[in-house]
Amino acid sequence: PNGGFFIIGDTSQLVCPESYLNEVTEASHVPMTRDWALSRFLTKEVGVTAIPPSAFYSPSTCHLAGNTLRFAYCKDNGTIKEAHERLAAYNFDDQ
């Protein structure tokens, strides 16, 4: 069927660099939530973009999304394979 499809991933085992947590943008909550910062990090450093779920939360509950990211998988197989390869190749232990 046509439409968007998403999967929520647990990111609690990934380290988000402090420099990303300390950023301020017009669109993010202040202070920047972990999911938002990690999404920016993945986009800039790994080349895989995720949607921060806290964007859909109220300011008082956005902390509940801190250890999750929303990934769209309504992509062709080649795009999903490329994202997998980029995530697998990135050394998250060096953060």
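We use all heavy atoms of the structure for the numbers below, so side chains are in, but hydrogens, waters and symmetry mates are not. Bear in mind the structure is a predicted one, so any value in this text is a computation, not a measurement.
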Chemist: Among all residues two or more places apart in sequence or in another chain, which pass the side-chain contact (heavy atoms from CB on, under 4.5 Å) test with T11?
Modeler: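 For T11, the residues satisfying side-chain contact (heavy atoms from CB on, under 4.5 Å) (neighbours in sequence not counted) are L14, R34, L38, N67, L69.
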Chemist: Excluding sequence neighbours, so at least two apart, what forms side-chain hydrogen bond (donor to acceptor under 3.5 Å, both in side chains) with E82?
Modeler: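 E82: side-chain hydrogen bond (donor to acceptor under 3.5 Å, both in side chains) contacts with R86.
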Chemist: Tell me, please, which residues at least two apart from E45 pass salt bridge (charged side-chain N to carboxylate O under 4.0 Å, His left out).
Modeler: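 Here no residue qualifies.
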Chemist: R70: which residues meet the salt bridge (charged side-chain N to carboxylate O under 4.0 Å, His left out) condition with it, sequence neighbours left out?
Modeler: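 Not a single residue meets the salt bridge (charged side-chain N to carboxylate O under 4.0 Å, His left out) criterion with R70.
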Chemist: Taking side-chain hydrogen bond (donor to acceptor under 3.5 Å, both in side chains) as the definition, give me every residue that meets it alongside T61, ordered by chain and number, with sequence neighbours left out.
Modeler: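 Scan of T61 (side-chain hydrogen bond (donor to acceptor under 3.5 Å, both in side chains), adjacent residues dropped) gives S58.
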Chemist: Nearest heavy-atom pair of C62 and Y57: which atoms, and what distance?
Modeler: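 So the minimum-distance heavy-atom pair works out to CA-CB, 3.6 Å.
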Chemist: With sequence neighbours left out, what residues match I80 under side-chain contact (heavy atoms from CB on, under 4.5 Å)?
Modeler: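 side-chain contact (heavy atoms from CB on, under 4.5 Å) list for I80, sorted by chain: Y73, K75.
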Chemist: Run the side-chain hydrogen bond (donor to acceptor under 3.5 Å, both in side chains) test against N77 and tell me which residues pass, sequence neighbours left out.
Modeler: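 For N77 there are no side-chain hydrogen bond (donor to acceptor under 3.5 Å, both in side chains) partners, ignoring immediate neighbours.
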Chemist: Please identify each residue that fulfils side-chain hydrogen bond (donor to acceptor under 3.5 Å, both in side chains) with N22, with sequence neighbours left out.
Modeler: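 Per chain and number, N22 pairs via side-chain hydrogen bond (donor to acceptor under 3.5 Å, both in side chains) with no residue.
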Chemist: Taking the side chain as C-beta and beyond, is there a heavy-atom pair between Y20 and K44 under 4.5 Å?
Modeler: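 Heavy-atom side-chain distance check passes, below 4.5 Å.
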Chemist: Going from CD1 on I51 to CZ on F56, what distance comes out if it is rounded to the nearest 0.5 angstrom?
Modeler: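 Reported to 0.5 Å precision, the distance equals 6.0 Å.
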Chemist: What pairs with A83 under side-chain contact (heavy atoms from CB on, under 4.5 Å), at least two apart in sequence or on another chain?
Modeler: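 For A83, the residues satisfying side-chain contact (heavy atoms from CB on, under 4.5 Å) (neighbours in sequence not counted) are V48.
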Chemist: Would you confirm whether S39, through its side chain, and A50, through its main-chain N or O, come within 3.5 Å as a donor-acceptor pair?
Modeler: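 Yes, S39 side chain to A50 backbone: donor-acceptor pair under 3.5 Å.
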Chemist: Rounded to the nearest 0.5 Å, what separates atom CG in L21 from atom OG1 in T33?
Modeler: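 Those atoms lie 9.0 Å apart.
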Chemist: Of the non-hydrogen atoms in D35 and A65, which two are nearest, and what is the gap between them?
Modeler: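 So the minimum-distance heavy-atom pair works out to CB-O, 3.4 Å.
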Chemist: Please give me the minimum heavy-atom distance between E23 and M32, naming the atom from each residue.
Modeler: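 For E23 and M32, the tightest heavy-atom pair comes out as O-CE, 3.4 Å.
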Chemist: Please list, chain by chain and in numerical order, all residues satisfying ring-ring contact (aromatic ring centres under 6.0 Å, His included) with F71, sequence neighbours excluded.
Modeler: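 Here no residue qualifies.
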